[in-house]
Every structure is written in structure tokens, then in C-alpha cells.
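Take a look at the structure below.
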Amino acid sequence: MSQTADTAHEHPSLWAESSHCRVAAVLHYGAFTALELIAPAVARRAAPGQFVMVTVPGAGFLLRRPLSLFTVRGDRVGLLVEARGSGSERLTRLEVGQSVDIAGPLGSAFPTRGVTNALLVGGGIGSAPLQFVADDLAAAGAGVTAAFGFRDFRAARAAGAFSIDRLWVATEDGSVGRAGTVLHILADLDVSSATTVYACGPTPMIAAVQHWTLAEGLHGYASLEAHMACGTGSCHGCVVDTARGKLRVCSEGPVFPLDEVRP
Amino acid sequence: MSQTADTAHEHPSLWAESSHCRVAAVLHYGAFTALELIAPAVARRAAPGQFVMVTVPGAGFLLRRPLSLFTVRGDRVGLLVEARGSGSERLTRLEVGQSVDIAGPLGSAFPTRGVTNALLVGGGIGSAPLQFVADDLAAAGAGVTAAFGFRDFRAARAAGAFSIDRLWVATEDGSVGRAGTVLHILADLDVSSATTVYACGPTPMIAAVQHWTLAEGLHGYASLEAHMACGTGSCHGCVVDTARGKLRVCSEGPVFPLDEVRP
Amino acid sequence: MSPAQAGSVDLSVRLGPLRLEHPLLDASGTFDLLEYARRYDGDYFADFPYSAYVPKTVTADARTGNPAPRVTETPAGMINAIGLENPGIERWIAGLPEWARLRQPVIVSVGGNTPEQYAAVVAALEAHMASAPADEVPRIEGYELNVSCPNVSSGLQIGADPAATAGVVGACRPLTTRFLLAKLTPNVGDVTLIARAAVDAGADALSLVNTFKAMVLDAQTLRPFLGNRTGGLCGPAIKPIALRMVAEVAQALPGVPVVGMGGVMSGLDALEFIACGATAVAVGAANFTALEAPQRILSELRDELNARGLASPAAARGLALGA
Amino acid sequence: MSPAQAGSVDLSVRLGPLRLEHPLLDASGTFDLLEYARRYDGDYFADFPYSAYVPKTVTADARTGNPAPRVTETPAGMINAIGLENPGIERWIAGLPEWARLRQPVIVSVGGNTPEQYAAVVAALEAHMASAPADEVPRIEGYELNVSCPNVSSGLQIGADPAATAGVVGACRPLTTRFLLAKLTPNVGDVTLIARAAVDAGADALSLVNTFKAMVLDAQTLRPFLGNRTGGLCGPAIKPIALRMVAEVAQALPGVPVVGMGGVMSGLDALEFIACGATAVAVGAANFTALEAPQRILSELRDELNARGLASPAAARGLALGA
Ligand SMILES: Cc1cc2nc3c(=O)[nH]c(=O)nc-3n(C[C@H](O)[C@H](O)[C@H](O)COP(=O)(O)OP(=O)(O)OC[C@H]3O[C@@H](n4cnc5c(N)ncnc54)[C@H](O)[C@@H]3O)c2cc1C
Ligand SMILES: Cc1cc2nc3c(=O)[nH]c(=O)nc-3n(C[C@H](O)[C@H](O)[C@H](O)COP(=O)(O)OP(=O)(O)OC[C@H]3O[C@@H](n4cnc5c(N)ncnc54)[C@H](O)[C@@H]3O)c2cc1C
Ligand SMILES: Cc1cc2nc3c(=O)[nH]c(=O)nc-3n(C[C@H](O)[C@H](O)[C@H](O)COP(=O)(O)O)c2cc1C
Ligand SMILES: Cc1cc2nc3c(=O)[nH]c(=O)nc-3n(C[C@H](O)[C@H](O)[C@H](O)COP(=O)(O)O)c2cc1C
Ligand code: FES
Ligand code: FES
């Protein structure tokens with residue numbers, strides 16, 4: 001309980017549970033699907049890096065699914081969904097005009113204030129929250145470079161869903177952009193020490209990025225994933241090990257200082 | 001097991017499991033919905049009084065739902081569905097072009113051969129199988145009179161789904177046709193002793209009809225309902241008490257001689 | 001206006017000495033008051049939806065809980081292996097002032113691996129309440145002894161053994177005059193044996209069910225999915241078993257109040273537990289489906305009672321029992 | 001061509017002395033060979049999909065079973081209270097010629113309320129097989145003792161008591177040299193105690209789980225829905241508990257073959273039971289979802305093995321066990 005209180009200041013402390021958010025747009029990019037929902041209450045409060053809990057329509061799904069805020073424009077929140085299992089697959093089949101229940105914005109945000117130079121590092125679907133970060137930073141006049149790694153050609157088509165000026169892509173099978181992982185891109189970049197790193201992706205990528213930032217003397221933030229039940233701090237189902245002990249991805253996270261995470 | 005063999009001759013012993021039957025038509029009549037499915041294999045073998053097991057689309061439904069054959073025309077089988085619970089409600093929301101899995105025709109049929117005069121007695125949704133009986137008898141040149149009882153005005157709109165020349169309707173609230181139950185209609189009819197009675201409806205109605213036929217010296221058949229799991233004779237979940245002991249509605253039934261049932 | 005006032009139905013119930021505004025409590029470990037308050041626009045303390053608050057189980061010592069992953073979904077249910085993560089009774093007590101102003105009574109869920117560990121928690125709280133200024137402590141009016149933890153000596157769950165269960169209840173009973181519940185595990189052959197042992201040892205009431213020991217595999221590796229290998233199954237999937245157990249206990253121990261739980265997602269579910277003999281009903285996994293789940297379930301319960309012409313939960317209690 | 005031959009995978013398994021074409025059996029009471037044969041266009045005996053046939057439990061005396069309703073659906077599951085309706089062993093034996101030509105081995109499921117009643121069934125069958133012409137008897141190669149019936153003396157389920165379970169197994173063991181399985185109930189605290197008692201008393205193998213004692217209410221009346229008040233819960237809802245129990249038994253009794261069941265709806269489900277230590281897997285409620293369910297599940301199982309580069313079920317067995 002006291003832990004909860006310690007960290008209460010770290011992120012927005014308002015909730016919006018929005019029922020029947022209309023699906024305003026659905027766009028498919030290879031393995032990923034971009035959904036745009038009309039959710040003014042969520043959009044108004046959203047900060048980059050935060051997520052929403054999404055109710056999967058239809059019987060047969062008990063728990064809500066956590067999805068990062070991909071974009072926030074006016075009263076619309078965008079989600080980028082990869083079909084990994086039955087629930088996310090169902091969400092990719094939503095159609096314009098249908099509606100879906102979401103709760104959010106939830107969790108901690110990527111700090112962006114005062115940042116002049118940003119490097120966004122994304123792995124696969126982990127790139128989703130970084131568009132919102134890029135939009136936020138660009139609006140504040142910061143310089144933004146993004147490096148995204150994808151599995152293969154099909155996954156790399158997700159890059160088409162992003163609008164970031166300096167966006168480098170790597171694919172493990174070399175079908176698109178740099179052959180290899182996102183780390184190969186980072187190795188080629190010359191980044192100023194004033195650069196802030198924003199990372200989201202699979203655990204091995206987070207580990208590699210953390211290692212790289214230490215070597216380069218950069219500081220930054222990572223957004224982590226965990227299996228969730230409540231998504232709102234009640235169940236302690238989503239803990240990860242950090243320098244501050246076990247913390248909840250849904251509550252103290254998903255965004256943590258890069259030097260705190262223990263991937 | 002031996003019982004099974006004894007009764008094997010009583011009804012068709014072929015199955016057709018038809019996947020993805022296209023919904024060709026959906027018509028709503030008050031509380032009831034008429035569905036027309038393209039199911040040639042089922043249609044070819046169907047006899048009046050038989051039923052199909054219908055897979056409720058979407059996750060969250062384990063068991064199939066038994067539904068009587070309402071009509072059979074060419075390669076199309078018609079079903080008449082009343083939303084009683086979540087599964088039947090879901091079936092009433094099927095749309096033209098969607099598809100549904102069914103297995104059938106199942107169970108025993110109403111004997112019609114050699115019948116010259118028929119009286120069809122239906123209660124609520126129990127009237128469903130009687131249209132198929134009427135069509136079958138009319139084709140054979142038999143004289144058909146039908147008496148259907150419904151709860152109220154909304155339910156009585158189901159009568160619009162039927163095409164039977166001599167169809168009398170009663171409603172308990174008197175909103176349509178004769179005020180009272182179907183028994184009040186029967187009391188007014190003068191039926192020849194050569195008339196064969198075909199009854200389907202709630203248990204109290206079956207009991208009353210059985211009583212009435214005994215008094216009138218008529219013989220006939222009743223179609224019974226029971227909660228089912230398999231619908232194909234394996235689980236013994238659907239037994240009813242009869243003069244021949246406990247019999248399975250899905251296998252020895254649903255059609256039994258009126259004097260055999262113990263409602 | 002809280003749903004409890006609306007409608008012609010009086011939702012209030014007496015749970016032992018507690019007079020509750022309505023029958024719905026939160027199931028321990030599934031609802032964190034402070035986390036809701038932090039995310040709420042208004043004053044969540046004023047709008048607190050449950051009639052009493054059961055916090056997550058607290059133990060004498062601090063516990064870091066089980067390795068991740070700790071939760072996942074199952075057919076019509078979910079499995080969890082949190083491992084009683086909690087700050088320990090000392091830090092837990094230090095946090096009380098943060099929520100001391102909650103109007104509703106609090107039932108503290110207590111865990112441990114030995115009778116002594118349970119007793120230490122109760123003793124610490126009784127001592128604190130005797131000394132602390134009233135406005136710095138919530139209205140703690142009872143304890144729920146969660147005997148689903150493994151017994152350090154036998155390794156088995158304490159709650160699977162009547163003697164071990166009685167040992168825990170017996171160790172705590174002398175330390176408090178407050179309402180004492182024993183929360184029973186369903187992982188037993190005959191739940192009434194454990195229920196009777198708990199009552200004979202001094203429990204005022206019983207709550208059931210806790211989760212069913214279960215296992216989920218990772219579809220890729222075919223290895224146990226949870227960091228703890230096994231976990232506890234709950235949700236609608238297990239409701240029919242929970243209803244059967246609540247009915248058995250209510251029938252075996254007619255005078256003993258029961259808090260029923262297990263898969264309550266709707267007002268009808270809650271009413272079913274009451275019909276099986278429960279005085280109050282706890283909502284667990286349903287809290288994860290929507291932040292307003294308790295409000296929805298409560299108004300559905302009122303509607304279900306209204307629709308059946310039942311004037312109160314008491315009028316429905318036990319309808320499913322007897323011949 | 002039967003699915004078992006297709007693909008690079010060898011699906012055959014050895015279940016004790018039985019060499020099975022593949023690991024899938026039907027779960028007793030959920031699949032009636034003659035009912036399928038009657039409804040089938042071709043020769044169902046030739047196309048029989050399971051590798052062995054487990055008929056519905058037969059008892060010494062004829063039983064009419066429980067009052068209706070006997071079945072209904074639950075969240076991700078179903079409940080049944082059939083009550084072991086069966087014609088009794090005498091008429092059952094008289095019916096054997098009807099299906100004597102089944103190629104697959106038969107495991108006869110035996111029920112009763114006393115050791116003597118179980119023994120009477122086994123004795124009657126052994127005597128019949130000793131005398132009857134071979135072409136009038138199916139290939140009966142084993143017995144599955146269904147100890148989930150209530151014990152007439154104690155009232156509790158025989159399978160909930162190690163001694164009572166051992167009594168039933170011990171009464172049957174001397175009467176036959178055939179493969180003897182004990183089918184365990186999950187309504188116990190520690191299933192390994194019952195498992196060990198059955199094996200010590202002479203069981204060659206174990207099958208689990210039977211259904212979970214549960215209750216469903218009629219939403220209108222709030223009275224028990226089933227004619228028998230309570231029934232047995234099965235289906236996907238309980239699979240995580242069944243997997244846990246199969247893993248516990250496989251770990252506690254490494255040498256003893258296990259037939260795993262409980263909520264198997266897909267090839268992946270079947271593979272999960274094998275990964276938890278099962279040698280064979282039984283399909284129950286899934287038979288009610290489609291007449292071709294066994295064929296589908298079998299081909300899915302082959303695909304799941306293929307996809308993981310597992311050459312046979314044996315290669316997957318126990319993958320979920322151990323550290
Ligand atoms: C903070 C956060 C942000 C996320 N943002 C996105 C996003 O923007 N786009 C996107 O496509 N995915 C995102 N994910 C992952 C996404 O939540 C899972 O892919 C999704 O829950 C899988 O559900 P399923 O039913 O398809 O999979 P199943 O495996 O069928 O789900 C079973 C259960 O496991 C949980 N689960 C399964 N995989 C994951 C996972 N990788 N992480 C967390 N829970 C999981 C499900 O929520 C469900 O409770 C995010 C996860 C977290 C924690
Ligand atoms: C031989 C036969 C023919 C039938 N013909 C028709 C028909 O033509 N049109 C029609 O609308 N209905 C018909 N019914 C009734 C229909 O099967 C049920 O209304 C339907 O199964 C209810 O399912 P549900 O999910 O809506 O109800 P729920 O109560 O949610 O279903 C729960 C379980 O109970 C079973 N169940 C519930 N009510 C009944 C019932 N009255 N009879 C049998 N099982 C039930 C369901 O199949 C399901 O397994 C027939 C039933 C039988 C036995
Ligand atoms: C994530 C989670 C955490 C839980 N933690 C506790 C706990 O700390 N103490 C306890 O007694 N029960 C705990 N439980 C069990 C619930 O209180 C409840 O008994 C069980 O979940 C059945 O109710 P449900 O089906 O409504 O969830 C927990 C359940 C879940 C899902
Ligand atoms: C309708 C029905 C009837 C059953 N009859 C028997 C039986 O006669 N004997 C027995 O040992 N098990 C019986 N069972 C239990 C099943 O064999 C099986 O153990 C249980 O259903 C779990 O498997 P499932 O979840 O795949 O259905 C029956 C189950 C059902 C659903
Ligand atoms: S998901 Fe429940 S605390 Fe994070
Ligand atoms: S429903 Fe299974 S035998 Fe009739």
C-alpha cells in the first residue's frame with residue numbers, strides 16, 4: 001500500500017472508463033492493424049507511453065487486453081494491434097462503426113518535457129507507443145530519430161503505419177532496410193550525449209538497448225510488457241523486477257527509467 | 001444398448017453433419033425468427049417432426065441447440081426460433097449471408113402415411129415442427145386443420161410465419177383470436193374419429209391434449225422437449241418417462257405416440 | 001444516491017455483528033481501494049461501492065510473491081499465482097492513515113504458514129487499534145483468516161486439514177473479540193469437515209471459495225505458464241462448484257453466516273449464492289472486467305430481487321436448499 | 001486412410017499391454033458406438049475414430065438413472081447428472097454381438113456402490129468371454145473401474161476414500177488378468193493418495209479426471225436445476241484443474257500409465273495432457289460439439305506434434321513435468 005503511495009505522483013491519477021467507443025477507422029499494415037476510436041475522455045488525458053485496457057467484444061473473453069496509445073488526435077485515440085492470440089486477433093477484426101469498451105489512460109508516461117534530442121527504439125509491436133512519443137516531441141520542437149526492428153517483410157509493413165521523418169528500419173531476414181536487429185542501426189548512428197532514448201520492445205531488445213545506452217553514456221526510458229489481469233493496480237499480477245524491487249507494470253509502469261529495469 | 005436396437009427401425013438412420021450452411025433468409029415475426037438455411041444433405045433426408053442440432057456461432061457456447069425442422073423446401077431447411085436464452089437469442093441475430101453448422105435430420109418423425117384427416121395442435125414455439133407436417137400432409141392430399149395457442153399478441157404474430165389454410169389461433173390474453181388456451185379451440189371443433197392428432201408444445205398442453213384425445217377416442221402423436229447434450233443418443237441426458245420406460249427424446253423421440261407419453 | 005437506496009428492495013443485510021448496506025463485498029486480492037481512489041475523478045471514499053472492504057491478504061512478514069508471469073486467462077476464467085505479495089503487517093499498519101477515512105467496515109484478510117504467523121498479525125492490529133488515534137485507523141471490524149497458504153510443516157494447504165485449520169482459528173480467537181471469518185479452500189474432498197472444524201475452533205462465520213489449484217501450459221513450450229508452475233483458478237468457470245460448496249456448508253451449519261464467492265459476474269450470480277445460503281457475496285475477478293463492475297452487479301441484484309418480488313436478500317437466502 | 005497414418009508423426013502409443021493406433025479414447029458415457037453407427041452413412045465400424053472404445057459405465061444391476069433434467073450448459077462447460085443409467089450387466093452382455101466386430105480394443109467401464117457390485121460385473125464378463133464364441137464378443141482387453149459412485153456404507157464417493165478405492169480395485173484384481181484402470185474423481189484434497197491406493201491394490205493404470213461435483217440453479221425459481229440437485233461439471237472450464245491433477249499423479253507415480261481427460265476440445269488440449277504425463281487422452285464433452293470431433297482433434301494433435309518437431313506422443317510425454 002505504502003509503495004502505491006510513494007509512486008502515486010509519478011503519473012496521471014484520473015481514470016476514464018469509456019463504453020461503446022465507436023471505431024472510426026481500421027487500417028491493416030501487414031501483421032498489424034491500426035484502429036482509431038472515438039474516445040474524448042481518454043484522449044483528453046492521455047500522455048505518451050500510457051495504455052488502455054480494451055474489452056474484447058463477444059462472449060468467451062474474461063480479462064481486458066492492455067494496448068498502448070499509438071496516436072492521440074483530437075477526440076480520437078489510435079491503437080496498433082498485432083494478432084498474437086485469440087483476443088488480439090478478435091480486435092484486429094473490428095470494423096468501422098462497431099464499438100468497443102476501453103479504460104484509460106493507464107500507467108506511467110514517457111517524460112518528454114525539456115527533451116531536445118530523442119532516439120526512439122522499437123522492436124516489433126513494441127514500436128506502437130513510440131508514434132505518440134514522436135508526435136509529442138515534434139510538437140515541442142525536439143529532434144526525433146526512430147529505429148525500429150521487425151521480424152520479416154510482413155511485419156515490417158507496419159512501418160507504413162508510422163509517420164516519423166527520420167525512421168530507420170531493420171528486419172531480421174534482411175527483406176526491408178538494414179539486415180539484422182535494431183541494434184545494428186544504433187551502432188551506425190552517431191548520437192549526441194544529449195539524446196534521450198525511448199525504448200519499447202521484446203525483453204532481449206530492452207536488455208541490449210540498456211547495455212548500449214550505458215556504453216554510450218545515454219539516459220532514457222523503457223516501456224515494459226507483463227501479463228495483466230486488472231490493469232489498474234489491484235491484483236499485483238503484472239510485476240517486474242526493477243532496481244526498486246518488484247513493481248507493477250500497470251501502475252508504477254509501463255514506463256521505467258532505462259537504468260531501473262532488469263530485463 | 002439392446003433398447004437402442006429395438007427402436008432403430010423407428011426412424012431414419014442416416015446422419016448429415018453440414019458445416020457452413022449459408023443463411024438464405026431471415027424473417028422476424030414478433031417473438032419468433034424464421035431462418036432459412038441452405039442444407040441440401042439435411043433437406044434430402046428430412047421427415048416432419050425431426051430436428052437438427054445447431055452450433056451457436058461465436059465463442060462461449062459449448063453445446064449445440066436442438067431446433068425442429070420448420071420447413072423443408074428444395075435444398076433449404078427452415079427453422080423457427082424463439083429467443084429464450086443466450087444461445088437461441090444469438091441465433092435470432094443471424095444475418096443473411098452468414099453461415100451456421102447444423103447436424104441432422106435427427107430423431108423420430110411424425111408418421112403421416114395413409115392419414116386423410118389431420119389436426120395439428122401447437123403451443124407457442126412448439127408449433128414450429130407442425131408447418132412441415134402440414135406441408136407433408138397437404139402434398140399427400142390430406143385435410144389439415146391447425147390450432148395454435150400463444151401467450152400474447154407479440155407471440156401470436158408468429159402465426160404469420162405459418163402457411164396453413166385452416167389455422168385457428170388462441171391467445172391467453174385474448175389479444176388475438178380465441179381468448180384462452182388451444183384447448184378452448186379444440187372444444188369448439190367437431191372432429192371426425194378418423195382424425196390423427198399431431199401435438200407439440202409445453203408439457204401442460206401435451207397433457208391436456210392427451211386427455212382430450214382419450215375422451216374423443218382419437219389417436220395421435222406428440223413431440224416432446226428435453227434438455228440435450230449430444231442430441232444423437234450417446235449421453236442419455238434427454239430422457240423422458242413413457243409407457244415404455246425412460247426413453248431418449250433425441251433418439252427414440254422427439255415424436256412419440258400420444259398414448260405413450262407421460263407428461 | 002447509492003444503488004442500495006433505490007428501488008423498493010431493502011438490500012441491507014446483517015453479517016454476524018456487522019450491519020451492511022448491501023450484500024456485496026470485494027474478494028480479497030482483487031480490489032485495492034487506494035488504487036481506485038487514485039484513478040477516480042471524484043472522492044472514491046464517498047462513492048465506495050462495496051458494503052465492506054476486504055483488503056489483500058496481509059502476513060506478519062513482508063512477501064515479494066511469486067515470479068512472473070502471475071496471471072493469465074482460461075476458458076471462462078483466469079488463473080493467478082501472486083504468492084501473497086504484501087508489505088508485511090508493520091508497513092501495512094503504517095499505511096492505514098491513508099485510508100482511515102473509509103466509512104465502510106473493514107475485514108482484514110490474514111495469511112500465514114503457521115498459527116503463530118496468523119496470530120502475530122491479529123495481535124499487532126489489536127495492539128495498534130488500542131493505541132492509535134481513532135482518525136488514523138479505518139473501521140476494522142473483523143478478520144478473514146485465509147487458510148489457503150501451504151502449511152510449513154505438512155507442505156499441504158492449511159485449509160485442506162481440519163486440525164491445521166482449527167489450529168489457526170484457535171490461535172487467533174483469544175486475541176480479538178471482533179468478527180472472525182475463516183476463508184475455506186475448495187481443494188478438499190468434504191468442505192463441511194473443514195467448515196465445522198473452523199467453527200468449533202471459534203470462527204464466527206465462513207467465506208468460500210478461494211481458488212482451485214490448477215495449471216496452464218505455455219502453448220509454445222508446453223511448460224507450465226505461470227512462474228509458480230501452478231496457480232489458483234477462479235471466475236465463471238468454477239461458479240457451479242462454488243455454489244455446490246456454499247450450499248453444502250449452509251446446509252451443514254445452518255446457524256453460521258456464509259460469505260459466498262466464486263465467479264460472480266452479475267446480479268443473478270450474486271442472487272444464486274444467496275439462494276444457496278450465503279448472507280453476503282464477494283466479487284473477485286469481475287473487478288478486472290470493468291472499474292464499475294461492483295456498481296453494475298449491485299443494481300442488477302436489486303433488479304433481480306425486484307423482479308421476483310423478493311423484498312430483501314434475506315427473503316432469497318436458502319431458497320435453493322432443502323427438499 | 002485414417003489420420004493416424006498420415007503425416008511424418010507416428011501417433012501410436014503403448015498403454016500398458018495395449019498397443020493403440022493413436023492416443024485418443026472416448027470418455028465413458030459420452031460416445032455410444034451403436035448410436036453413431038446407426039446415424040452413419042458408411043460402415044462406422046470400419047471408420048471408428050478412437051483407438052480404443054470405452055462404453056458407458058455398466059453396473060451389476062439395471063439402473064434407470066436420475067430424474068430430468070439431466071444436463072445443461074455452464075460457462076465454458078456443462079453439467080450432467082445421468083445417474084449411471086444402464087441396462088445392467090446381464091442385458092449388456094446380451095447386446096455384445098451387435099458390436100462384436102469392432103476392430104479396436106474395448107475397455108469396459110464398471111460402476112457400483114460396493115466392491116462386490118464391481119466384482120460381479122468383472123466376473124460376469126470374464127465368465128462370458130470364457131464361454132462365448134469369439135465372433136460374438138468384442139475385443140474386451142481391459143476394465144476401467146469408475147469409483148465416482150457414492151459408497152452405500154459411507155454415502156461419500158468411493159473414490160474420495162483411499163481405503164474404499166483400494167477395496168474396489170482389490171475385489172476386481174483377482175478376477176481378471178486383463179488391463180485394469182481405476183478412474184479417479186477430482187473431488188478430493190490430494191488425488192495422489194487415491195492414485196497410490198488404487199495402484200497398491202493392483203490397478204495397472206489410472207484415468208482422470210471424472211466430473212467435479214457442482215450445482216446449477218434454475219434462474220426463474222432459484223431452485224437446483226438438475227433433477228438430481230447436483231451433477232458433474234466438465235468441459236474446458238475445468239481443464240486447468242484436470243491438467244494439474246494429471247501432472248501430480250504422473251509425478252507421484254512415474255511408472256504408472258495415465259489416461260488424461262477433462263475439457264479436451266482440440267489437438268493442443270490433448271497434447272497438453274500428454275505433456276503433463278498422460279499416455280493416452282480421453283475426449284468427453286467435445287463429442288457433443290460435432291459428430292466428427294474425434295477425427296478433428298486427432299488430426300490437430302498430429303499437426304501440433306509436427307509443428308514442434310515431436311516424432312511421437314511419447315516424445316511429448318512429461319514435457320511439462322520436473323524443474
Ligand atoms: C502495457 C502493455 C502495452 C501493450 N501494447 C500493445 C500494443 O500497443 N499492441 C499490441 O498488439 N499488443 C500490445 N501489448 C500486448 C497485448 O496486450 C497482448 O498481445 C494481448 O493481450 C494478447 O492477448 P491475446 O488474447 O491475443 O493472447 P492470448 O495469449 O490468447 O491471451 C491470454 C491472456 O494472456 C495475456 N497476454 C498474452 N500475451 C500478452 C503479452 N505479450 N503481454 C501482456 N499480456 C499478454 C492476455 O492479455 C490474456 O489475458 C501490450 C501489453 C502491455 C502489457
Ligand atoms: C427436440 C426439440 C426441438 C426444439 N425445437 C425448437 C424450435 O423449433 N424452435 C425453438 O425456438 N426452440 C426449440 N426447442 C427449444 C430450444 O432447443 C431451446 O429453446 C434452446 O436450446 C435454448 O437455448 P438457450 O441457449 O437460448 O437457452 P439457455 O437456457 O441459455 O440454454 C442453456 C442450455 O439449456 C438448454 N435448453 C434451454 N432451454 C431448453 C429447452 N426448452 N429445451 C431443450 N433444451 C433447452 C440449451 O440447449 C442449453 O444447452 C426445441 C427443443 C427440443 C428438445
Ligand atoms: C489476482 C487474484 C488475487 C487474489 N488474492 C487473494 C488473497 O490475497 N487472499 C485471498 O484470500 N484470496 C485471494 N484471491 C481469491 C479471491 O479472493 C476469490 O476467493 C476467488 O478469486 C474466487 O472469486 P472470483 O471467482 O469472483 O474471482 C485472489 C484472486 C485473484 C484472481
Ligand atoms: C453426459 C456425461 C455422461 C458421463 N458418464 C460417465 C460414465 O458413465 N462413467 C464415467 O466414468 N464417466 C462419465 N462421464 C465423465 C466423462 O467420462 C469424463 O470423465 C468427464 O466428462 C471429463 O471429460 P470432458 O471434460 O472431456 O467431458 C460422463 C460425462 C458426461 C458429460
Ligand atoms: S495488472 Fe493488476 S496490478 Fe497490474
Ligand atoms: S441428448 Fe444425448 S442422448 Fe439425447
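As the structure is a prediction and not an experimental result, all values here were calculated from the model. The chains referred to below are lettered A, B, ... by the order of the sequence lines, with proteins before strands, and numbering in each begins at 1.
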task: Answer with side chain, backbone, both or neither: which region of D:A219 has an atom nearer than 4.5 Å to a non-hydrogen atom of chain C?
output: both
- line: Rounding to 0.5 Å, atoms OG1 (C:T230) and CD1 (D:I241) come to a distance of 12.0 Å
statement: Answer key: most heavy-atom pairs under 4.5 Å with chain D among C:R223, C:E272, C:Q220, C:R229 is C:R223
query: Most heavy-atom pairs under 4.5 angstrom with chain D, which of C:P186, C:P236, C:A237, C:P240?
result: C:P240
task: With a 4.5 Å cut-off on heavy-atom pairs, point out which of D:L233, D:V188, D:D161 contacts chain C the most.
output: D:V188
- request: Give, as side chain, backbone, both or neither, the part of D:E304 having an atom under 4.5 angstrom from any heavy atom of chain C.
  value: neither
query: Looking at C:G77, C:A247, C:P224, which makes the most heavy-atom pairs under 4.5 Å with chain D?
result: C:P224
query: Are D:R244 and C:N187 close enough, and set up right, to give a side-chain contact (heavy atoms from CB on, under 4.5 Å), and what steps lead you there?
result: CA-CA 12 Å; D:R244 184 262 302 178; C:N187 301 305; 3.9 Å; yes
CG on D:D190 to CD on C:Q157, rounded to 0.5 Å: 11.0 Å
statement: Cut-off 4.5 Å, heavy atoms of chain C, and the answer for D:L243 is both
query: To the nearest 0.5 Å, what is the distance between CG (D:L222) and CG (C:L268)?
result: 7.0 Å
message: As an exercise: rank C:M215, C:E248, C:K239 by heavy-atom pairs under 4.5 Å with chain D and give me the winner.
response: C:M215
message: What part of D:L319 gets within 4.5 angstrom of chain C, counting heavy atoms only: side chain, backbone, both, or neither?
response: both
message: To the closest 0.5 Å, what do you measure between OG1 (C:T221) and CZ (D:R308)?
response: 8.5 Å
